[in-house]
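Comments concern the structure below.
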Number of protein chains: 2
Amino acid sequence: MNDAHRSGCPINLSLEVFGDKWSLLILRDMIFGGRRHFRELLTRSEEGISSNILADRLKMLLDEGMITKTDDPSHKQKAIYSLTEKAIELLPIMAHLGSWGRKWLAASEELSIRAQLLEEGGPPLWEKFMAELRVEHLGAPANDPAGPSVRETLQAAYEEVVARQAMERAGA
Amino acid sequence: MNDAHRSGCPINLSLEVFGDKWSLLILRDMIFGGRRHFRELLTRSEEGISSNILADRLKMLLDEGMITKTDDPSHKQKAIYSLTEKAIELLPIMAHLGSWGRKWLAASEELSIRAQLLEEGGPPLWEKFMAELRVEHLGAPANDPAGPSVRETLQAAYEEVVARQAMERAGA
DNA sequence: AATATGTGATTGCAAATTGCAACTGGTTGC
DNA sequence: GCAACCAGTTGCAATTTGCAATCACATATT
């Protein structure tokens with residue numbers, strides 16, 4: 001962290017922040033999964049992150065200004081992690097990573113549906129999602145009263161695919 | 001490489017391919033720097049990659065189908081590395097990484113100018129660049145006869161900034 | 001009051017990865 | 001013939017990763 005940067009290239013500097021196998025997955029789970037607590041991130045991780053790695057990355061993301069940490073009033077030991085604007089603006093990168101991975105790699109159908117919807121929705125949908133994240137994480141004033149949130153829409157699509165898959169397995 | 005994937009999430013699968021500190025930098029140097037040979041990638045690396053890491057990553061990128069390797073007719077020991085369509089389609093991600101890094105991190109001016117121009121040009125400019133990369137790396141038919149290539153334009157802008165910086169240092 | 005469970009981590013340790021520096025075996029240019 | 005160039009490889013120390021157990025404390029259950 002204290003070391004000098006390898007270069008002043010913006011791509012390199014970005015990779016110095018989140019160029020590893022876990023950091024973006026933690027942010028993905030906060031953005032798309034709505035995770036706010038250590039335990040949620042730990043036990044509901046699709047990839048099975050271990051607690052030492054999670055703790056280390058959360059500290060790093062905190063140092064880098066990607067997230068903030070506040071006390072949960074409901075429980076003295078509970079911490080609430082929030083995204084900063086800096087992290088919220090990674091959403092377009094997440095969307096592109098999802099599209100690229102869906103196209104070129106063997107992504108599972110149920111975990112690809114979100115990427116597909118984000119790709120179809122394009123930048124306007126990303127902006128709507130980012131606006132919702134600003135309300136949720138930064139306390140921005142809410143002015144989108146009507147309809148389900150983008151996360152809810154994505155989540156519902158995911159569950160629909162899972163339900164259909166269960167039907168197909170049963171019917172086969 | 002042979003291990004099972006951690007999950008079928010397209011973002012995770014993408015990170016399993018290039019979620020490290022070097023892979024995207026090598027592809028960046030091929031895309032924006034026009035590097036095609038091992039030695040070029042090694043000695044003209046802004047970040048100073050070491051030869052064992054470079055060799056390892058080139059092999060991995062080869063295995064993953066991100067690049068191909070052919071003999072250079074001019075020299076029996078020279079290899080030419082080419083981007084595949086899979087890698088060329090990372091350009092939008094590179095552009096976003098550059099924009100994000102330029103906005104949120106302490107990127108140097110001369111290495112940010114390319115990111116700025118790519119951001120201003122938007123998806124149409126990315127598509128033009130990708131078309132040029134397909135001509136250069138995939139042997140696609142060239143049908144853009146007029147004007148400088150996108151890489152040339154970006155390179156010229158970089159050199160202009162460097163020249164101006166030298167003037168300012170001299171004049172200060 | 002005692003016990004179980006939930007909380008965000010930390011610790012110990014083995015394995016894997018990284019990164020520096022030197023080196024290899026071969027090709028080409030002078 | 002000899003220096004320079006080519007794509008790597010090798011040895012080794014330092015760092016990072018990842019699993020499993022554990023910690024100190026807070027709250028819920030009985």
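Lettering follows sequence order; numbering is per chain, from 1. Below, each value reflects all heavy atoms present in this structure, side chains not excepted, and no hydrogens, waters or symmetry copies.
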If each of A:Arg6 and A:Lys69 is mapped to the nucleotide of DNA chain C with the nearest heavy atom, which maps nearer the 5' terminus, i.e. the 5' end?
A:Lys69

If you draw a 6.0 Å radius around CD in B:Glu160, do more than 12 non-hydrogen atoms from other residues or ligands fall strictly inside?
no

Verify the contact: side-chain N or O of B:Trp22 to OP1 or OP2 of C:dT17, cut-off strictly under 4.0 Å; return yes or no.
no

With distance as the sole test, does B:His37 use its side chain to make a donor-acceptor pair with the main-chain N or O of B:Tyr81 at under 3.5 Å?
no

Of the candidate nucleotides D:dC6, C:dT18, C:dT27, which contains the atom at the shortest distance from the side chain of B:Ile53?
C:dT18

Round to a whole Å and report the spacing from CG of A:Leu42 to C1' of C:dT7.
11 Å

With nearest nucleotide decided by heavy atoms, which residue, B:Arg36 or A:His75, maps closer to the 5′ end of DNA chain D?
B:Arg36

Interatomic distance where CZ belongs to A:Arg44 and P belongs to C:dG6 [whole Å]
14 Å

Report the residue (B:Gly48 or A:Lys59) whose heavy-atom-nearest nucleotide on DNA chain C is the more 5′ of the two.
A:Lys59

Specify the separation, in whole Å, of atom CG of B:Asp56 and atom P of C:dA16.
15 Å

Have a look at B:Glu109 and tell me which of B:Arg164, B:Arg114, B:Arg102 forms a salt bridge (Lys or Arg N to Asp or Glu O under 4.0 Å) with it.
B:Arg164

Whole angstroms only, please: what is the CG-P distance between B:Asp72 and D:dA7?
8 Å

Tell me the interatomic distance from A:Asp71, atom CG, to C:dT7, atom P, rounded to whole angstroms.
15 Å

Nearest-Å distance, NE2 (B:His37) to C1' (C:dT28)?
14 Å

Salt bridge check, B:Glu89 against A:Lys103: does any charged N sit closer than 4.0 Å to a carboxylate O?
yes

Can you figure out which of D:dC6, C:dG8, D:dG8 approaches the side chain of B:Lys78 most closely?
D:dC6

Please state how far atom CD in B:Glu16 lies from atom P in D:dT17, giving the value in whole angstrom units.
15 Å

Taking any heavy-atom pair under 4.0 Å as a contact, classify B:Arg57: base, sugar-phosphate, or nothing.
sugar-phosphate

Check if the side chain of B:Gln77 and the base of D:dG8 share a donor-acceptor pair of N or O atoms closer than 3.5 Å.
no

Considering only heavy side-chain atoms of B:Ser50, the closest of C:dC20, D:dG8, C:dG8 is C:dC20

Selection from D:dG18, C:dC20, C:dA22 that lies nearest to any side-chain heavy atom of B:Asn52:
C:dC20

Nearest-angstrom distance from the residue atom CD1 of B:Ile49 to P of C:dC20
10 Å

I'd like to know if B:Arg28 and B:Glu47 make a salt bridge, using a cut-off of under 4.0 Å between side-chain N and carboxylate O.
yes

Taking only the side-chain heavy atoms of B:Arg39 (C-beta and beyond), determine which of D:dC6, C:dG8, C:dG19 contains the nearest atom.
D:dC6

Between B:Ala79 and A:Lys76, the residue closer to the 5' end of DNA chain D by nearest nucleotide is B:Ala79

